[in-house]
*Asks:* 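Please find one structure pasted underneath; my questions will follow.
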2 protein chains.
Amino acid sequence: MSQTDTKTRILDAAEHLFASDGFHSTSLRAITSQAQANLAAVNYHFGSKGALLQAVFERRLLPLNQIRRELLEQALSNARQQNTAPRTVDLLRAFIEPTLAFRQSEPGARDFITLVGRALVEPDPTVRDCFTALVTPLFQQLMAALRLALPQIPPGILQTRLQFTLGAMGHTMCMIGRPPLQFPDAPQPPSSAELVELLIRFVSSGLEAPC
Amino acid sequence: MSQTDTKTRILDAAEHLFASDGFHSTSLRAITSQAQANLAAVNYHFGSKGALLQAVFERRLLPLNQIRRELLEQALSNARQQNTAPRTVDLLRAFIEPTLAFRQSEPGARDFITLVGRALVEPDPTVRDCFTALVTPLFQQLMAALRLALPQIPPGILQTRLQFTLGAMGHTMCMIGRPPLQFPDAPQPPSSAELVELLIRFVSSGLEAPC
DNA sequence: GTCTATAGATTGATAGAC
DNA sequence: GTCTATCAATCTATAGAC
C-alpha cells in the first residue's frame, strides 16, 4: 500500500495545479502524472474533470465553513448575552481569520486558498457555480449579522460594501507571497497574523464609514 | 469596404469573448466566427493568439492610462499650488472614476473592464504579465502620491492597503451587473456614478485608518 | 483498482492558391 | 488580404484486458 491512497494523491495534485495554472489550463495528464497515478484513475474515482474540481473544493471548504459558521454564531451569541449589537470587527474576524490561518495549516491548503480567491471571478460558470453554491449560505449569514452590527448603514449600501470586502479578501488570498505589482522599495511583507489584522482593519473601516 | 475593418472586428470579438469565457476557453475559431472573418486572419493581422490579447489590452488601456495619469498629476499639482499634501480621495478619484466611467463610454468597453478586473488574478503568467507591464508604472505613481497624502502610515502598511484597494477595485470591475452571490433581498443596484462614490469612500476609509 | 490503447473532438498555426 | 485545406499536437473520456 502506498503512503496515501490514489484518490488523495489525485486531489492533492489537482489542488496544486488548478491553483497554479488554472482549471482549463490543467490537463488530466498533468494531474495524474504528478500524482503518480494512471490517466484513467481520475474518471474512475471522480467521474469527470468537473467532478474532480468539485471534490477539491468540498474537501477543504466544508470543514472551513463549519469553523467560520461556529465562530460567527459565537460572536452573535456573545453580543446577545451582553444585550448589545455585535461588533463589526468580531464578525469579520470570525470570517477572515480562520480562512487566512487555514493557509498555514498544511502544505496543500496554501494552494487551496489561492484557488478559492480566484473562484469568485472565474469566467466559466461551471467552475464558479460549484464554488458559490458552497459559500452562498455562509455569506448570507455574514450579511445578516453585519446588518445587526451596522443598522445605520442602508442595506443596499452595506451589500455593495460587502462586495468590496469580498474583493479585497479574494485578492489577498490569491496574492499572498506572489506580489503582482512590483514597487521600487519592497519592505518586509507582513506575516500571516499581521495580514489578518491589516485586512480586518481595512475592511471594517470601509464598512463602518458614515454614508 | 466593410463598415469596420477586419482587424477591428477581430479585436471587438476577442475582447468580448475573452471577457465572457476567459482567454484559454476562447478559441480562435469562436473569435473569427463572431467577427465574420477567416480563421487565418488572426495570425495574419496579429501573429498569434497571445499577441491578439496584447493588442486587446493596449487598444484601450494606453488611452485610459493616459487619462488617469493626467488626472493624477493634476491632483498633485493642485495640492502643490495650495502648498498642502494631496487628499487621498482626490488621488483615488483620479484613478477610479475614469476607469468605471470608461465602462459606459462604448459597448465593448464594458467587456474590457471585466477583462482587466480579472487580469490581476489571472493564473497564466503570459496573460497576467502582458497586463501588469502596462499598468505597473501608473500604480507606482499612485503609490508615490499616496505616500504624500498619508505620511503617517508606514510605507509597508500603505503598500498592503493599496493591494486591498486593488482587490476591491478589480472585483468591482468584474462583477458589475453580474452579482456572484445572491442575497435574499436584492435592493436596487447602485448606478455607475453611485458605485464610484461608494468605492472611493470604502477604500479611502480603509487607507486612512489609524494604525 | 489499475493499466493500455484509442476513440472522437478540438486546438493553434501555417502553406499556398487566388 | 482573404480564402481552403490541413498538419501536428492536445484534450477528455471510455472500452476492455488483467
Side-chain angles (χ1 to χ4, degrees), chain A residues 1-57 59 115 122-131, chain B residues 1-59 115 119 122-131:
Chain A
M1 220 188 105
S2 54
Q3 206 167 357
T4 54
D5 64 2
T6 302
K7 204 168 169 177
T8 302
R9 290 203 315 277
I10 290 176
L11 280 172
D12 289 340
E15 180 172 70
H16 176 70
L17 291 168
F18 287 162
S20 76
D21 301 338
F23 178 71
H24 283 103
S25 301
T26 301
S27 67
L28 295 182
R29 282 173 177 80
I31 293 168
T32 51
S33 161
Q34 175 166 321
Q36 292 185 290
N38 188 274
L39 172 61
V42 168
N43 281 290
Y44 175 78
H45 286 285
F46 300 95
S48 72
K49 190 184 178 184
L52 170 58
L53 177 67
Q54 172 111 11
V56 167
F57 276 130
R59 177 171 64 151
L115 189 59
E122 166 66 43
D124 184 347
T126 305
V127 176
R128 195 178 56 238
D129 292 352
C130 104
F131 166 73
Chain B
M1 220 185 105
S2 54
Q3 208 168 355
T4 55
D5 64 2
T6 302
K7 203 168 169 176
T8 303
R9 290 203 316 277
I10 290 176
L11 280 172
D12 290 340
E15 181 172 69
H16 176 70
L17 291 169
F18 286 162
S20 77
D21 301 338
F23 178 72
H24 282 103
S25 301
T26 301
S27 67
L28 294 183
R29 281 168 180 82
I31 293 169
T32 51
S33 162
Q34 175 164 320
Q36 294 184 288
N38 188 275
L39 172 61
V42 169
N43 281 288
Y44 175 78
H45 285 286
F46 300 96
S48 73
K49 190 184 178 184
L52 170 59
L53 177 67
Q54 172 111 11
V56 167
F57 275 130
E58 285 180 354
R59 176 172 65 151
L115 190 59
E122 166 67 43
D124 184 346
T126 304
V127 178
R128 195 177 56 239
D129 292 352
C130 104
F131 166 74

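Below, chains carry the letters A, B, ... as their sequence lines are ordered, and counting in each starts from 1.
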*Asks:* Which parts of nucleotides 4-18 of chain C does protein reach within less than 4.0 Å, heavy atoms only, written one letter per nucleotide 5' to 3' as B for base, S for sugar-phosphate only and - for none?
*Replies:* B------BBBB----
*Asks:* Measure from NZ or CZ of B:Lys49 to the centre of the six-membered ring of B:Phe18, then state whether that distance is under 6.0 Å and the direction lies within 45° of the axis.
*Replies:*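 The answer is no, since B:Lys49 fails at least one limit relative to B:Phe18.
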*Asks:* Where is the tightest heavy-atom contact between A:Asn38 and A:Thr32, given as atom of each residue plus distance?
*Replies:*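 Reported closest heavy-atom pair: O-CG2, 3.2 Å.
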*Asks:* Between the opening five pairs and the closing five pairs of the helix from C:dG1-D:dC18 to C:dC18-D:dG1, how far apart are the helix axes, to 10°?
*Replies:*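 So the angle between the two local helix axes works out to 0°.
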*Asks:* For B:Ser33, check side chain to side chain donor-acceptor pair (under 3.5 Å) against everything at least two apart and list the hits.
*Replies:*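 Counting only residues at least two positions away or on another chain, B:Ser33 forms no side chain to side chain donor-acceptor pair (under 3.5 Å).
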*Asks:* Any cation-pi pair here, A:Lys7 with A:Tyr44, using under 6.0 Å and within 45°?
*Replies:*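 Ring-cation test returns no.
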*Asks:* Going by the rule ring-ring contact (aromatic ring centres under 6.0 Å, His included), which residues pair with A:Phe131 if we only count those two or more places apart in sequence or in a different chain?
*Replies:*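 Scan of A:Phe131 (ring-ring contact (aromatic ring centres under 6.0 Å, His included), adjacent residues dropped) gives A:Phe57.
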*Asks:* Residues in salt bridge (charged side-chain N to carboxylate O under 4.0 Å, His left out) with B:Arg59, at least two apart?
*Replies:*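 Scan of B:Arg59 (salt bridge (charged side-chain N to carboxylate O under 4.0 Å, His left out), adjacent residues dropped) gives B:Asp12, B:Glu15.
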*Asks:* Residues two or more places apart in sequence or in another chain: which of them pass side chain to side chain contact (heavy atoms under 4.5 Å, CB included) with A:Ala35?
*Replies:*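 With neighbours one apart ignored, the set is A:Arg9, A:Ile10, A:Ala13, A:Ala37.
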